[in-house]
Q: 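Sharing a structure, written as C-alpha cells. Questions coming.
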Amino acid sequence: MLNRSQFRSLLVAASTVLVVVYAFVSAAAKPSHELTIFADIAQPALIALVLVAFASNLRGSHGRARKFWMLMTSGAALWFISSGTWVYFELVLHADVNAPTVLDIVLFLHLVPMMAALATIPHEHRRMPSLVGMPLAMIAVWWMYLYSFVVIPWQYLVPDRLHYGASFNVLYVIESIVLIIGWLMLWYSSSGGWRSLYGALLLASVGYTISSFFINIAMDKNDYYTGSPHDIPLVLAVTTMVWAASLEPGSSSQRESLVTEDEDAMHATWISRLAICAMLSVPVMAIWSMKFGHAPVTIREFRVLVSFIAVVALAILLFANQQILSKKLRNSLATVRESFFELARTREALEYRATHDSMTGAMNRSAILAALERELSRASRSAHELAVLLIDLDHFKAINDNFGHASGDVAIVSACTRMQDCLRAHDYVGRYGGEEFLVIVTDCDRTSALQIAERIRTKIAEHPITMNAKPLFVTATIGMTLSRPEDVPESLLRRADLALYQGKATGRNRVSISDLAPGEISNLQPVSNRVE
C-alpha cells in the first residue's frame with residue numbers, strides 16, 4: 001500500500017513519462033486520425049492526473065488549506081470535464097470542436113474556482129474568515145457575466161468565428177493574468193513549502209496561459225490540429241501542475257487560532273471592494289454597449305438584458321452579505337454591551353474591595369475617613385449636625401485568649417452586622433481598627449444620635465454568640481460626639497476617642513459623650529493607653 005508521498009511521486013512520474021511520449025509523438029507524427037486519437041486521450045489523462053494530485057491533498061488538510069485544495073480540485077474537475085467532452089465530440093461525434101462550442105464556457109469557468117482559492121490564503125494558520133463567501137460569489141457571478149457579455153453574442157446570437165475567437169482569447173488571457181498575479185502575490189507573502197508550491201503553480205500558470213493563447217490564435221487561423229507541436233508547451237505546463245501538487249507545503253494546524261471580528265472584517269475588506277467594483281462595472285458596460293458600441297442591435301439588447309440579470313443577481317448577493325454583516329454587527333454590539341457590563345461589574349467589585357473591609361463588609365479605615373471628611377463638609381454648608389460614634393468591643397483580648405482568634409473574628413463580624421441593623425440608609429459604618437468601629441450618623445441632633453448609639457450598644461449585648469456550644473456575650477463601649485461648625489475630622493475623632501476612653505474608664509458597655517472644645521482635650525490621655 002502506497003503512502004501519500006509515494007503516491008504523489010507516482011503521479012509525477014506518470015505525468016513525466018506521458019509528456020515525454022506526447023512531445024515525441026507530436027514532433028514526429030503528421031496530422032492523422034491516429035494522432036488525434038492519441039492526443040485526445042493523452043491530454044485528458046494528464047488533466048486527470050492534475051485532478052487526482054489536487055484531490056490527494058484534501059486528505060490530512062484542515063481549515064484554510066482544505067478550502068484551498070477543494071477549490072483547486074473543483075477547477076481541475078471543470079477542466080477535466082471540458083477536455084473529456086472535447087474527446088467525445090471529436091472521436092465519437094466527429095464534430096468540429098474548432099468552431100464555437102459550449103465546451104469553451106466550461107473551459108473559461110474552470111479558472112474561477114482557482115481564483116477563489118487564492119482568497120483562502122492557505123499558508124496562514126488562522127481560521128478562515130466568515131465574511132468572504134458572498135464577495136467571492138459576487139466576483140464569480142461577475143466573471144460569468146463577462147463571458148455572457150463579451151463572448152456569447154458572437155457564439156449564439158450573431159455567430160462570427162473571428163469575433164468569437166478574438167473575444168474568447170482576450171477574456172481568457174485576462175482571466176489567466178489575474179490568476180498569475182494572484183499566485184505572484186501569494187508567492188511574495190509566503191515562505192517555506194507554501195512559497196515553493198505557489199512558485200510552481202505560478203510557473204505552470206504562465207506556461208499554460210502563453211501556450212493556450214498561441215493555440216487559440218492557431219485555431220482561429222485553422223493552423224491547429226489535435227496533437228500538433230502547439231500542444232507541447234501546454235502539456236509541459238500541465239505536468240508542472242502535477243509536480244506542484246506533489247510538493248509538501250505543510251498543513252494548517254487542526255486547531256487554528258481564532259479570528260477576531262476586526263481581523264475578520266479587515267481580511268474580507270479587499271475582496272469586498274473588488275466585488276463592489278465588479279458590481280459597479282456592470283451598468284457602466286451596459287451604458288457603453290448602448291451608447292458607444294458598434295455591435296448589431298440584437299447584441300446590444302442582449303448585453304443590456306444580461307447586464308440587468310447580473311445586477312439583480314449581484315444585488316441579491318450584496319443584500320445577503322449585508323444581512324450577514326448586520327447579524328455580525330448585532331452580535332458585536334451585544335458582545336460590547338456585555339463586555340461593558342462585565343467591566344462595570346468588575347470595576348464595582350474592585351471599588352468595593354478597595355473601600356470595604358474583607359472580613360466584615362463594612363467600610364475600611366480610609367473609606368470611612370473619606371466619608372467623614374465629605375459629610376462634615378456637607379454638614380457645615382447645610383448647617384446640619386452629624387454625630388461620630390467610636391465603638392470598641394470590650395475585653396476583646398480575653399475573647400481571643402479564651403476562645404481563639406477565629407472566635408474573635410466571629411465576634412467582630414457579628415457585632416458589625418448588629419451595628420448595620422441599627423443604622424439608617426444614609427449613615428455609615430466602617431472598621432476603624434482591629435475591634436474598633438467608626439459610625440457616622442448624618443443629619444441628626446443630640447437626642448437622635450444618642451438613641452442610635454444606645455440601640456447599637458443594646459443590640460450587640462442582648463444576644464450571646466454561640467462558640468463551640470458555649471455562649472459568648474459581647475459588649476461594646478461607645479464614645480460619641482457631635483459636630484461643630486469649626487470642626488475638622490481630626491477634632492471630631494479626638495473628642496470621640498476621649499469619650500470612648502472615659503466610657504472604658506467608668507465601667508464599659510455604655511455610651512459616653514464628649515462635649516469638650518478642641519482646646520480642652522489637647523493634654524488628655526490618648527486611647528492607645530486605655531486598658532482593655
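Below, each value reflects all heavy atoms present in this structure, side chains not excepted, and no hydrogens, waters or symmetry copies.
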Q: Answer yes if the ring centres of Phe38 and Tyr22 are under 6.0 angstrom apart, and no otherwise.
A: yes
Q: Would you confirm whether Asp231, through its side chain, and Gly227, through its main-chain N or O, come within 3.5 Å as a donor-acceptor pair?
A: yes
Q: Any heavy-atom pair between the side chains of Met144 and Ile105 that's under 4.5 Å?
A: no
Q: For Tyr208 and Ser176, does a side-chain donor sit closer than 3.5 Å to a side-chain acceptor?
A: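 No, no side-chain donor-acceptor contact under 3.5 Å.
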Q: Could you tell me the separation between the CG atom of Leu118 and the CD1 atom of Ile181, rounded to the nearest 0.5 Å?
A: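 The CG atom of Leu118 sits 10.5 Å away from the CD1 atom of Ile181.
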Q: In terms of relative ring orientation, are Trp288 and Phe149 parallel, tilted or perpendicular, with 30° and 60° separating the classes?
A: tilted
Q: Between atom CD1 of Ile139 and atom OG of Ser272, what is the distance when rounded to the nearest 0.5 Å?
A: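 Rounded to the nearest 0.5 Å, the CD1-OG separation comes out at 8.5 Å.
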Q: Can you tell me if CZ on Arg59 sees more than 12 non-hydrogen neighbours from other groups inside 6.0 Å?
A: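 Atom CZ in Arg59 is not crowded, with 12 or fewer foreign heavy atoms closer than 6.0 Å.
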Q: Between CZ of Phe68 and OG1 of Thr120, what distance do you get to the nearest 0.5 Å?
A: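 That separation rounds to 6.0 Å.
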Q: Give the minimum heavy-atom separation between Gln43 and Ser83, together with the two atoms involved.
A: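 Result for this residue pair: C-OG, 4.1 Å.
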Q: For the residue pair Asn364 and His356, establish whether any side-chain heavy-atom pair is separated by less than 4.5 Å.
A: no
Q: Does the side-chain contact (heavy atoms from CB on, under 4.5 Å) test come out yes or no for Trp154 and Ile299, once each step is laid out?
A: CA-CA 8 Å; Trp154 307 111; Ile299 291 180; 3.5 Å; yes
Q: With heavy-atom distances below 4.5 Å as the criterion, would you say the side chains of Arg300 and Val304 are in contact?
A: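 Sidechains of Val304 and Arg300: no contact.
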Q: Side-chain contact test, heavy atoms from C-beta onward, threshold under 4.5 Å: evaluate it for His110 versus Phe80 and give yes or no.
A: no
Q: Would you confirm whether Ser246, through its side chain, and Trp243, through its main-chain N or O, come within 3.5 Å as a donor-acceptor pair?
A: yes
Q: Got a second to check how far Leu247's CG is from Leu201's CG, nearest 0.5 Å?
A: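 Leu247 CG to Leu201 CG: 8.0 Å, rounded to 0.5 Å.
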Q: Does Lys327 offer a backbone N or O that forms a donor-acceptor pair with the side chain of Asn331 under 3.5 Å?
A: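 Looks like yes, one N/O pair under 3.5 Å.
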Q: For a side-chain contact (heavy atoms from CB on, under 4.5 Å) with Ser148, tell me which candidate from Val151, Val150, Leu146, Ile152 qualifies.
A: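 Single pass found, and it is Ile152.
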Q: Is it true that atom CD of Glu373 has more than 12 heavy atoms of other residues, nucleotides or ligands lying nearer than 6.0 Å?
A: no
Q: Hey, is the main chain of Ser190 close enough, under 3.5 Å, to the side chain of Arg195 for a donor-acceptor pair?
A: yes
Q: Please find the pair of heavy atoms, one from Ser289 and one from Arg303, that lie closest to each other, and give the distance.
A: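 Looking at all heavy atoms of both residues, the closest pair is OG-CD, 3.4 Å.
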Q: What is the minimum heavy-atom distance between Met241 and Ala204, and which atoms define it?
A: CG-CB, 3.5 Å
Q: Test side-chain hydrogen bond (donor to acceptor under 3.5 Å, both in side chains) on Arg66 and Asn57 and set out the steps.
A: CA-CA 8 Å; Arg66 185 171 183 83; Asn57 286 284; over 6 Å; no
Q: Start with the C-alpha gap between Arg337 and Glu342, add the side-chain angles, then the distance that decides, and say whether salt bridge (charged side-chain N to carboxylate O under 4.0 Å, His left out) holds.
A: CA-CA 8 Å; Arg337 187 162 51 246; Glu342 182 63 28; over 6 Å; no
Q: Can you tell me if Tyr352 has over 12 outside heavy atoms packed within less than 6.0 Å of its OH?
A: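 Correct, the count exceeds 12.
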Q: Any side-chain to backbone donor/acceptor pair from Ser189 onto Leu186? Under 3.5 Å, distance only.
A: yes
Q: Let's go through Arg374 and Tyr428 carefully: what are the C-alpha distance in whole Å and the side-chain angles of both, what is the deciding distance for side-chain contact (heavy atoms from CB on, under 4.5 Å) to 0.1 Å, and is it a yes or a no?
A: CA-CA 12 Å; Arg374 185 172 61 252; Tyr428 301 86; 4.0 Å; yes
Q: Can you find a pair of side-chain heavy atoms, one from Arg431 and one from Met359, that are under 4.5 Å apart?
A: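 Yes, close enough: below the 4.5 Å cut-off.
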Q: Which atom names give the shortest non-hydrogen contact between Met279 and Leu318, and what distance separates them?
A: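 In terms of heavy atoms, the two residues are closest at SD-CD2, 3.8 Å.
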Q: About how many Å separate OG1 of Thr73 and CG of Leu58, when rounded to the nearest 0.5 Å?
A: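 With rounding to 0.5 Å, CG (Leu58) is 4.5 Å from OG1 (Thr73).
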Q: To the nearest 0.5 angstrom, please state how far the CE atom of Met363 sits from the CG atom of Leu369.
A: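 Atom-to-atom, Met363:CE and Leu369:CG are 9.0 Å apart.
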Q: What do the steps show when you test Phe54 against Trp79 for ring-ring contact (aromatic ring centres under 6.0 Å, His included), and what is the final call?
A: CA-CA 13 Å; Phe54 286 167; Trp79 191 13; 8.5 Å; no
Q: I'd like to know if the side chain of Ser167 and the backbone of Tyr164 have a donor-acceptor N/O pair within less than 3.5 Å.
A: no
Q: What do the steps show when you test His123 against Ile121 for side-chain contact (heavy atoms from CB on, under 4.5 Å), and what is the final call?
A: CA-CA 6 Å; His123 61 271; Ile121 315 181; 3.3 Å; yes
Q: Between Ser74 and Met70 (side chain of the first, backbone of the second, donor and acceptor by atom type, cut-off under 3.5 Å), is there such a pair?
A: yes
Q: Check whether any side-chain heavy atom of Ser358 lies under 4.5 Å from a side-chain heavy atom of Arg353, and answer yes or no.
A: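 Not in contact.
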Q: Would you name the heavy atoms of Leu234 and Ser212 that are closest together and state the gap between them?
A: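 What the structure gives for the nearest pair is CD1-OG, 3.7 Å.
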Q: Have Thr360 and Asp357 got a donor and an acceptor in their side chains that come within less than 3.5 Å?
A: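 Short answer, yes.
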Q: Should Ser61 and Trp69 be marked as a side-chain hydrogen bond (donor to acceptor under 3.5 Å, both in side chains) after you check the CA-CA gap, both sets of side-chain angles, and the distance that decides it?
A: CA-CA 8 Å; Ser61 61; Trp69 289 116; 5.4 Å; no
Q: In the structure I gave you, are the side-chain heavy atoms of Ser15 and Val238 within less than 4.5 Å of one another anywhere?
A: no
Q: Pair Ile174, Trp143 - check side-chain contact (heavy atoms from CB on, under 4.5 Å), show working.
A: CA-CA 11 Å; Ile174 292 174; Trp143 279 109; 4.2 Å; yes
Q: Run the salt bridge (charged side-chain N to carboxylate O under 4.0 Å, His left out) check on Glu375 and Arg378 step by step: do they pass?
A: CA-CA 5 Å; Glu375 291 298 329; Arg378 189 176 69 85; 2.9 Å; yes
Q: Please name the pair of heavy atoms, one in Ser205 and one in Leu179, separated by the smallest distance, quoted to 0.1 Å.
A: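 Looking at all heavy atoms of both residues, the shortest contact is OG-CD2, 4.0 Å.
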Q: State whether the side chain of Arg365 and the backbone N or O of Tyr432 hold a donor-acceptor pair below 3.5 Å, judged by distance alone.
A: yes
Q: Is it true that atom NE2 of His294 has more than 12 heavy atoms of other residues, nucleotides or ligands lying nearer than 6.0 Å?
A: no
Q: Does any non-hydrogen side-chain atom of Thr36 lie less than 4.5 Å from one of Tyr225?
A: no
